Novice: 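Got a structure for you, written out below as structure tokens; questions coming shortly.
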Amino acid sequence: MQSHTIEPEQAQARREYYDRISRQNLTPLWEVLGKLVTPTPGSPAVAALWRYAEIREPLMEAGRLISAAEAERRVLILENPALRGRSAITQTLYAGVQMVLPGEVAAAHRHTQSALRLLLEGDAAYTAVDGERATMHRGDFILTPSWTWHDHGNPGTQPAVWLDGLDVPLVQFLDASFSERSSAATQPPVRPEGDSLKRYGANMLPVDYQPVGVSSSPVLVYPYERTRESLLGISHGEPDEHLGFKLRYVNPATGGSPMPTIGAYAQRLPSGFETRPYRCTDGTVYVCLEGSGHAEISGTTHSFGPNDIFIVPSWNELRIHATKDTHLFSFSDRPVHQALGLWRESRE
Ligand code: 1HN
């Protein structure tokens, strides 16, 4: 509403009118238009950083308080400080840290929410997706596409900790959640480990493979070893001023995002490099895999090191200063913005 000066009687008449029509569940648009249609995104989410050492301790404590079997999934949710109680790290995304202790399993289930895992600690745990196991190594990016059966286990001797990223708030917003538990806690393997990577992840595809409909990547694991090799291999010449050396993970069969609702990225920032101010509409969760630095998010500086997790809400200005050679993994809802023609970025 434009600001006009009005007489007290007129203001009173309007208030009475608003109260009267409110009983019919009617609201005047002119009182709320400015909040609905903002000139730029005004996300209610705020920037935040979780230091790994500080979340690891309560996670280990959870290991003494509740078993994976009892919890179904032993996870501490990373809640956006401005969205408490909503199990959301951004308006559309969920993130949490999960721990599976040696000898434990997390039973098989499936749901319409898409999930990713990024292993932070431990080297013997596996996740099984639709009958294929993947042993997780630090930095490995693992998919659990919508409606795929998945269970986890840790046959090793050390706790396994990983980051879970899901589109839970988005699916909740769309009222599209379905789930079921499997009668078998652990899926019997139907393919050897590594099968999906060899079949779909070697710049080749099965000769008659056709992606159907809205598809997720047929590659189950994107090993960090390979990602790292690529980041090092492309780090010559001048880095992009805003992004450093940055790659996106793809569905090799379509060139699209690994899953329809979640995009994932890996970037290398050489020691001493400082990115120029950057904004984008996709709220993004970052994980530091190597190195250290400072993320200046809308004017506030957050310093990070290995396994620290930070979030940059939609349209918050981001500048990163790497104090060592730094590798960052990130994920966001960018594919959704792009599919709907809503994605924008700004490079200063
Ligand atoms: C889920 O299925 C897992 O399978 C982890 O490990 C976290 C958070 C919300 C909804 C489902 C898992 C989850 C989840």
Side-chain angles (χ1 to χ4, degrees), residues 41 43-46 48 50 72-73 75-80 82-98 106 108-119 127 129-130 140-152 162-181 211-222 248-251 254 256-266 280-287 309-316 329-343:
S43 178
V46 294
W50 289 263
E72 186 164 346
R73 296 295 188 262
V75 180
L76 294 180
I77 304 173
L78 305 177
E79 283 198 315
N80 191 285
L83 306 174
R84 296 304 311 274
R86 289 175 38 189
S87 304
I89 194 160
T90 69
Q91 291 266 74
T92 58
L93 294 172
Y94 159 103
V97 279
Q98 178 159 182
H109 69 194
R110 63 177 176 176
H111 38 68
T112 47
Q113 290 82 358
S114 298
L116 66 84
R117 330 257 164 229
L118 187 85
L119 192 91
T127 193
V129 178
D130 275 351
D140 286 356
F141 164 51
I142 292 158
L143 305 191
T144 309
S146 178
W147 211 240
T148 54
W149 290 108
H150 52 286
D151 57 83
H152 319 300
W162 63 80
L163 177 78
D164 291 312
L166 291 93
D167 55 7
V168 166
L170 178 67
V171 173
Q172 184 176 46
F173 181 71
L174 298 171
D175 286 334
S177 175
F178 292 87
S179 69
E180 59 188 26
R181 287 187 183 152
V212 279
V214 180
S215 60
S216 290
S217 171
V219 176
L220 169 60
V221 199
Y222 295 77
R248 68 181 173 95
Y249 289 92
V250 291
N251 173 342
T254 62
S257 55
M259 295 181 288
T261 51
I262 305 178
Y265 313 87
C280 54
T281 52
D282 48 324
T284 307
V285 181
Y286 286 87
V287 186
I309 300 160
F310 61 93
I311 115 105
V312 184
S314 170
W315 218 245
N316 278 231
F329 170 86
S330 56
F331 69 96
S332 79
D333 57 357
R334 185 175 302 184
V336 180
H337 290 242
Q338 290 179 324
L340 302 178
L342 294 171
W343 188 72

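None of the values given here were measured: they were computed from a predicted structure.
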Novice: CG of L166 to OG1 of T144: how many Å apart, nearest 0.5 Å?
Specialist: 8.0 Å

Novice: When rounded to the nearest 0.5 angstrom, what is the spacing between CD1 in I142 and CG in L163?
Specialist: 11.5 Å

Novice: Test side chain to side chain contact (heavy atoms under 4.5 Å, CB included) on T90 and N80; report intermediate values, then the result.
Specialist: CA-CA 7 Å; T90 69; N80 191 285; 5.7 Å; no

Novice: Heavy atoms only: give me the nearest Y249-Y265 pair and the separation to one decimal.
Specialist: CD1-N, 3.6 Å

Novice: So, the side chain of T112 versus the backbone of A176: is there a donor-acceptor pair under 3.5 Å, distance only?
Specialist: yes

Novice: Looking at every non-hydrogen atom in both residues, tell me the closest pair between A108 and W149 and how far apart they are.
Specialist: C-CE3, 4.5 Å

Novice: Would you check if V171 and T261 make a side-chain contact, meaning some heavy-atom pair closer than 4.5 Å?
Specialist: no

Novice: Once you round to the nearest 0.5 Å, how far does CG of D140 lie from OH of Y222?
Specialist: 12.5 Å

Novice: Checking W315 against T281 for the side chain to side chain contact (heavy atoms under 4.5 Å, CB included) test, could you report, in this order, the C-alpha distance in whole Å, the side-chain angles of both residues, the deciding distance, and whether it holds?
Specialist: CA-CA 5 Å; W315 218 245; T281 52; 3.9 Å; yes

Novice: Does W50 reach the side chain of L76, with side-chain heavy atoms less than 4.5 Å apart?
Specialist: no

Novice: Start with the C-alpha gap between Q172 and S177, add the side-chain angles, then the distance that decides, and say whether side chain to side chain donor-acceptor pair (under 3.5 Å) holds.
Specialist: CA-CA 6 Å; Q172 184 176 46; S177 175; over 6 Å; no

Novice: Can you find a heavy atom in the side chain of I262 that is under 4.5 Å from one in the side chain of L93?
Specialist: yes

Novice: Supply the atom-to-atom distance I311 CD1 to S332 OG, rounded to the nearest 0.5 angstrom.
Specialist: 10.5 Å

Novice: Can you list every pair that meets salt bridge (charged side-chain N to carboxylate O under 4.0 Å, His left out) and has a residue in residues 84-97, with sequence neighbours left out?
Specialist: E79-R84

Novice: Once you round to the nearest 0.5 Å, how far does CG of L116 lie from CZ of F329?
Specialist: 5.0 Å

Novice: Could I get the full list of ring pair (Phe, Tyr, Trp, His ring centres under 6.0 Å) partners for H150, not counting sequence neighbours?
Specialist: H109, H111

Novice: How long is the gap from OH on Y94 to CG on L78, to the nearest 0.5 Å?
Specialist: 7.5 Å

Novice: Stepwise, does the side chain to side chain contact (heavy atoms under 4.5 Å, CB included) test hold for D167 with D333?
Specialist: CA-CA 8 Å; D167 55 7; D333 57 357; over 6 Å; no

Novice: Minimum heavy-atom separation for G263 and S257, please, with both atom names.
Specialist: CA-CB, 4.3 Å

Novice: Answer whether the closest heavy-atom distance between the side chains of T127 and H152 falls below 4.5 Å.
Specialist: yes

Novice: State, to 0.1 Å, how close A115 and M259 come at their nearest heavy-atom pair, and which atoms those are.
Specialist: O-CE, 3.2 Å

Novice: Of all residues at least two apart in sequence or in a different chain, which pass the salt bridge (Lys or Arg N to Asp or Glu O under 4.0 Å) check with D282?
Specialist: R334

Novice: Tell me the closest heavy-atom pair linking T254 and S215, and the distance in Å.
Specialist: CG2-OG, 4.0 Å

Novice: Could you walk me through whether Q91 and L83 pass the side chain to side chain contact (heavy atoms under 4.5 Å, CB included) check?
Specialist: CA-CA 8 Å; Q91 291 266 74; L83 306 174; 4.1 Å; yes

Novice: Are D164 and W162 close enough, and set up right, to give a side chain to side chain donor-acceptor pair (under 3.5 Å), and what steps lead you there?
Specialist: CA-CA 6 Å; D164 291 312; W162 63 80; 2.9 Å; yes

Novice: Looking only at heavy atoms, which two atoms of P169 and T92 are closest? And how far apart?
Specialist: CD-O, 3.2 Å

Novice: Is it true that atom CZ of R181 has more than 12 heavy atoms of other residues, nucleotides or ligands lying nearer than 6.0 Å?
Specialist: no

